Number of protein chains: 2
Amino acid sequence: MTQRMSLKKLAAHLGLTEGTVSRALNNYPDISQKTRDRVQQAASELGYRANPLARRLATGIAEAVAYIMPENHSTISEPFVAQLLAGLGETLSERGWDLLVTQSVSAEEEADMLHRLITSGRVSGVVLSRPLKNDARIKLLQKAKFPFIVHGRSVEYQDYAWYDVDSKAAFVAAVDHLVALGHARIGFIGAPTYYNFAQMRLDGYKEAIVNNGLPVDPDLIQITELSDDGGELAAGDLLDRKHAPTAFLCVTDTQAFGALAAIRARGLVPGKHVSVIGYDGLRFSRHTNPPLTTMAQPQAHSGRLLGDMLLAIIDGGDPKDFQVLRSAELMRRKSDGPVWVETSETMSKTWEEQT
Amino acid sequence: MTQRMSLKKLAAHLGLTEGTVSRALNNYPDISQKTRDRVQQAASELGYRANPLARRLATGIAEAVAYIMPENHSTISEPFVAQLLAGLGETLSERGWDLLVTQSVSAEEEADMLHRLITSGRVSGVVLSRPLKNDARIKLLQKAKFPFIVHGRSVEYQDYAWYDVDSKAAFVAAVDHLVALGHARIGFIGAPTYYNFAQMRLDGYKEAIVNNGLPVDPDLIQITELSDDGGELAAGDLLDRKHAPTAFLCVTDTQAFGALAAIRARGLVPGKHVSVIGYDGLRFSRHTNPPLTTMAQPQAHSGRLLGDMLLAIIDGGDPKDFQVLRSAELMRRKSDGPVWVETSETMSKTWEEQT
DNA sequence: CTTGTTTCCGAAAGCGCTTTCGGAATAAGC
DNA sequence: GCTTATTCCGAAAGCGCTTTCGGAAACAAG
């Protein structure tokens, strides 16, 4: 362990040329089996490992992939990035590749950052997350013909690879579920619709409302920020109105946490007086008060899956062949229930007075 | 944008030598101000950016840092890795450096992985997290004289850089708080003590118990896994005993979630019949039932801090000069309260019957 | 035994940058 | 005006590996 082993030293030790040793190690066909074995054994005995930087420069293959973290890290909105990174890292390490993590400061800066990243040669592929409705990053990557995959879908999703959960269908199911419970005034707590996932969930909500013969009431739709506070504010606002909704559908579990808080703060009990359903299926959601009913997305091996798909594309696969849509499932806990029927006594009272 | 700009082309364009252009761009003193300006302007006009791989190979500086993710990603035990990564990434990107993320499969493999990582030249520094009591990784890095910083402390923490929260003191404070509320039988729900943080918290607990003139009862100490389920099992076990504790101290908020569940499952109300205090101060903890009282650690800019310290060490700073200890604060919510005094009626009844 | 094939390895040119060294050109010193 | 210092740039040798090309040696074919 005096000095790091180098190809040159290995070659000298074997009485061979650097080029020959290199080809022997990389299983070139023009090396006899005998010397190949000799070289590989010596390499492992001396603990030789090619310097990745040198190899990458020589081959032009970065042997690394970048994960672009979504912004909004100030909220608890990213409970699964650790899981996703673990999965990604697992796939990559099997190939000996590196996983880079980057994060943009602003949206405009992000395109710039991404451009620098892919032209710098540091990575051979990119995984994007939480795409916008009309995402400049996707356009950029497509134009550059750079391998990438996106976690989620943008509006036009024909031509690139993605992994997503059908949250529109999930919201349809959630609305249907609530309607079946007798709810007719269902509040929607959403996120800015430049996020395509927010748009899709809103679409699902509206579609299902209509299909159930209910009116789409714009007053019942609140767009707010992706945090518990956002959810609390939005739900509170809706609850304080004349015709408060009897149920809430939230775009994320995190917002649903806030909605629960808003309901409790008004002396009502979630799941009894007012229902709320979240989306995500965070492990944590079972601990809320009451335990949150939510549309759980299968996030088990999404990291691995994304990694495998990206590698396949880097290897020359057609991105169009890599589009997988999973579906979410209603995980019923305690925050939903039949619409609260007011008794004759309580009929004329306000919520507050009922406590 | 036909072909990526190279030093060679830039040099040709300027009628200069590659070496000269390189030195001009890197502000070497042996380049006249005039040509330096000329070069730098041309470079920015033509959008030239040095190829990082080539630069790294030539200089021997990896311009990258690795974050070793803690294992246990199956639990929700790592809610802040996203935040930490964001902070780290921010610091690094200001310098144009990369952030690598790796994760080990097994503990033994980790030492190997780490050794390969630091000898491969891919990174200039490493940030470790959640050190074990006697951490082989730290020894390895020290022996190799490789720049690193650890998030948390190991047993011997004189000679290297670390950032940690004084969780021992936090547990002393928590015990004092509970004792002041009249609690004399305080259960401790801990984690395997090969994690040094688990050991330190246990030490704090024991020390405070003794200082308060109470007996350290081994039966009150449960070591379990770092998850909500672990906490629930451990708390349940304790609650079902003859002399159940009147309060729980949990090593993490996540475990505390489980403890709350165990208490509620037995028809008791946390914060009234049985107190529980967690540790971490997760944002999420305000949403439990009831809202969790916890020792909140300042995790605001830990990522940035770790990054800055590591860079300073890489720049030649003495690791011993980079040791910062923050303290946690009691964040009182609703899961703690004075010890439950049984009335004469309930005196002889069991917990279950009281509901 | 010659000619034509294969097999296998050496030589050398990169990959795109950095950095040391030496020397021409210019400025300073007397 | 000549010597001694400075200033500034060119030349060249790496960094540690890969990959193409050509040719000597070994083999097969006639």
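The model shown is predicted, which means the values in this text are computed figures rather than measured ones. Any value given below was found using the heavy atoms of this structure, including those in side chains, with hydrogens, waters and symmetry copies removed. Protein chains get the first letters and strands the later ones, always in sequence-line order, with residue 1 at the start of each.
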Atom [atom1] of [X] to atom [atom2] of [N]: distance rounded to whole Å?
| X | N | atom1 | atom2 | result |
| --- | --- | --- | --- | --- |
| Lys34(B) | dT7(D) | NZ | C1' | 13 Å |
| Arg49(A) | dG16(D) | CZ | C1' | 16 Å |
| Glu18(A) | dT20(D) | CD | P | 17 Å |
| Leu7(B) | dG10(D) | CG | P | 13 Å |
| Ile61(A) | dC15(C) | CD1 | C1' | 13 Å |
| Arg122(A) | dG16(C) | CZ | P | 17 Å |
| Met5(A) | dC17(D) | CE | C1' | 14 Å |
| Asn51(B) | dC17(C) | CG | P | 5 Å |

At 4.0 Å (heavy atoms only), tell me whether [X] reaches a base, stays on the sugar-phosphate, or touches nothing.
| X | answer |
| --- | --- |
| Ile31(B) | sugar-phosphate |
| Ser32(B) | sugar-phosphate |
| Arg23(B) | base |
| Leu16(B) | sugar-phosphate |
| Ser22(A) | base |
| Thr59(A) | sugar-phosphate |

Nearest to side-chain heavy atoms of [X], which nucleotide of [options]:
| X | options | value |
| --- | --- | --- |
| Ala58(B) | dC9(D), dC17(D), dC15(D) | dC15(D) |
| Ala50(B) | dG10(C), dC17(C), dT18(D) | dC17(C) |
| Ser6(A) | dC9(D), dC15(D), dC17(D) | dC17(D) |
| Thr17(A) | dC17(C), dG10(C), dG10(D) | dG10(C) |
| Tyr28(B) | dG10(D), dT19(C), dC17(D) | dT19(C) |

>> So, OP1 or OP2 of dC9(D): does either fall under 4.0 Å of a side-chain N or O from Thr35(B)?
In response: yes
Salt bridge check: are [X] and [Y] linked by an N-O gap of less than 4.0 Å?
| X | Y | answer |
| --- | --- | --- |
| Asp135(A) | Lys139(A) | no |
| Glu94(B) | Arg304(B) | yes |
| Arg56(A) | Glu63(A) | yes |

>> By nearest heavy atom, map Asn26(A) and Ala54(B) onto DNA chain D; which one lands nearer the 5' end?
In response: Ala54(B)
> Is there a donor and acceptor pair closer than 3.5 Å between the side chain of Asp30(B) and the base of dC9(D)?
Replying inline: yes
>> Can you classify the ring geometry of His151(A) versus Tyr163(A) as parallel (below 30°), tilted (30 to 60°) or perpendicular (above 60°)?
In response: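 Ring orientation, 0 to 90° scale: tilted.
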>> How long is the straight-line distance from CZ of Arg4(A) back to NZ of Lys9(A), given to the nearest 0.5 Å?
In response: 9.5 Å
> Within a reach of under 6.0 Å around CD of Gln33(B), are more than 12 heavy atoms found that belong to other residues, nucleotides or ligands?
Replying inline: yes
